[in-house]
Amino acid sequence: QVQLVESGGGLAQAGGSLRLSCTASTGAFGGYAMGWFRQAPGKEREFVAASTRSGLRTYYADSVKGRFTSSRDNAKNTMTLQMNNLKPEDTAVYYCAARWTVSGAYYTQSQEYKDWGQGTQVTVSS
């Protein structure tokens, strides 16, 4: 099991930017495929971005493609989500998630992940 801690959430205006970080308490971060998810009030948790364990491949939800960039530094056990051109509909609690894997796949379904962070609130005002 890996402990995940998100940080960097906050309040931004529409069109602005925020950068989220996810730090993992493991020395084997490179063995985990990672994902970002978000959940808005009254809505189900939804997929945002996912990366393979190497970070060489990243997949994005259509709603954030071209605006969000996920990257990871396996040497530092961290993953970041750079969010640009934010929209009010991006308002949600954002979670990072980890799945131990030996494959080079990424995972887009929340049930495919075992370990989750506590979440960080992102609020975008219009």
Side-chain angles (χ1 to χ4, degrees):
Q1 185 175 4
V2 58
Q3 303 294 323
L4 302 171
V5 178
E6 299 99 337
S7 61
L11 177 65
Q13 291 187 333
S17 299
L18 285 172
R19 184 180 179 90
L20 306 183
S21 294
C22 173
T23 302
S25 62
T26 175
F29 187 61
Y32 289 86
M34 299 294 295
W36 288 101
F37 291 79
R38 66 186 182 186
Q39 188 166 17
K43 295 187 177 181
E44 293 186 354
R45 189 169 297 187
E46 67 171 354
F47 167 74
V48 174
S51 73
T52 57
R53 59 179 188 165
S54 67
L56 291 178
R57 289 193 298 154
T58 305
Y59 182 76
Y60 298 93
D62 287 344
S63 59
V64 306
K65 197 173 297 182
R67 301 188 298 120
F68 291 12
T69 302
S70 179
S71 60
R72 59 187 294 169
D73 185 337
N74 286 352
K76 296 182 178 179
N77 296 349
T78 60
M79 179 174 68
T80 61
L81 184 67
Q82 178 66 43
M83 305 185 295
N84 297 328
N85 191 20
L86 284 162
K87 303 177 180 181
E89 52 263 42
D90 294 321
T91 295
V93 177
Y94 283 71
Y95 300 88
C96 63
R99 172 193 169 114
W100 176 261
T101 181
V102 296
S103 78
Y106 51 71
Y107 302 90
T108 63
Q109 303 300 310
S110 60
Q111 58 265 32
E112 295 177 300
Y113 290 89
K114 178 182 177 183
D115 299 303
W116 292 81
Q118 83 288 351
T120 185
Q121 176 70 46
V122 170
T123 303
V124 184
S125 62
S126 58

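Taking hydrophobic clusters as Ile, Leu, Val, Met, Phe, Trp and Tyr residues chained together by side-chain heavy-atom distances below 4.5 Å, Met79 shares a cluster with Tyr94.
Under the rule for a side chain to side chain contact (heavy atoms under 4.5 Å, CB included), the partners of Gln109 that lie at least two apart in sequence or sit in another chain are Gln111, Glu112. With sequence neighbours excluded, the residues that form a side chain to side chain contact (heavy atoms under 4.5 Å, CB included) with Gln121 are Thr91, Val93, Thr123. In terms of the side chain to side chain contact (heavy atoms under 4.5 Å, CB included) criterion, residue partners of Arg57 (sequence neighbours excluded) are, by chain and number, Thr52, Tyr106. With sequence neighbours left out, Phe37 forms a ring-ring contact (aromatic ring centres under 6.0 Å, His included) with Phe47, Tyr113, Trp116. In this view, Ser126 and Pro88 satisfy the side chain to side chain contact (heavy atoms under 4.5 Å, CB included) rule, not counting sequence neighbours.
Heavy-atom minimum distance, Glu6 versus Cys96: OE2-N, 2.8 Å. Residue Tyr59 comes nearest to Thr108 through the heavy atom pair CD2-CG2, 3.7 Å, listed as atom of the first residue, atom of the second, then distance. Between Leu86 and Ala12, the shortest heavy-atom contact is CD1-CB, 3.8 Å. Leu20 approaches Val122 most closely through the heavy-atom pair CD2-CG2, 4.0 Å. Here the closest heavy-atom approach between residue Ser21 and residue Thr80 is recorded as OG-CG2, 3.9 Å.
Residue Arg19 holds its CZ atom at 5.0 Å from CD of Gln82, rounded to the nearest 0.5 Å. Between atom OH of residue Tyr60 and atom OG of residue Ser51 there is a gap of 8.5 Å, rounded to the nearest 0.5 Å. Separation of atoms OG1 (Thr58) and CZ (Arg72) is listed at 8.5 Å; rounding is to 0.5 Å.
Salt bridge annotation for Lys65-Asp62: present, with a cationic side-chain nitrogen under 4.0 angstrom from a carboxylate oxygen.
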Quick one, Ser110 with Gln39, criterion side-chain contact (heavy atoms from CB on, under 4.5 Å). Give me CA distance, side-chain angles, the key distance, then yes/no.
CA-CA 11 Å; Ser110 60; Gln39 188 166 17; over 6 Å; no

Please report the C-alpha distance between Asp90 and Arg38 in whole Å, then the side-chain angles of each, then the deciding distance to 0.1 Å, and finally whether the side-chain contact (heavy atoms from CB on, under 4.5 Å) criterion is met.
CA-CA 9 Å; Asp90 294 321; Arg38 66 186 182 186; 2.9 Å; yes

Pair Met83, Arg67 - check side-chain contact (heavy atoms from CB on, under 4.5 Å), show working.
CA-CA 6 Å; Met83 305 185 295; Arg67 301 188 298 120; over 6 Å; no

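Between the Gln118 side chain and the Val5 main chain, no donor and acceptor come within less than 3.5 Å of each other.
A side-chain donor from one of Tyr107 and Thr101 sits under 3.5 Å from a side-chain acceptor of the other.
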Tell me which donor-acceptor pairs under 3.5 Å the side chains of residues 22-36 have, and how far apart each pair is, sequence neighbours excluded?
| residue | atom | partner | partner atom | Å |
| --- | --- | --- | --- | --- |
| Ser25 | OG | Gln3 | N | 3.0 |
| Ser25 | OG | Gln3 | O | 3.3 |
| Thr26 | OG1 | Ala28 | N | 2.9 |
| Trp36 | NE1 | Ser70 | OG | 3.4 |

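Other residues, nucleotides and ligands contribute more than 12 heavy atoms inside 6.0 Å of the CD atom of Glu46.
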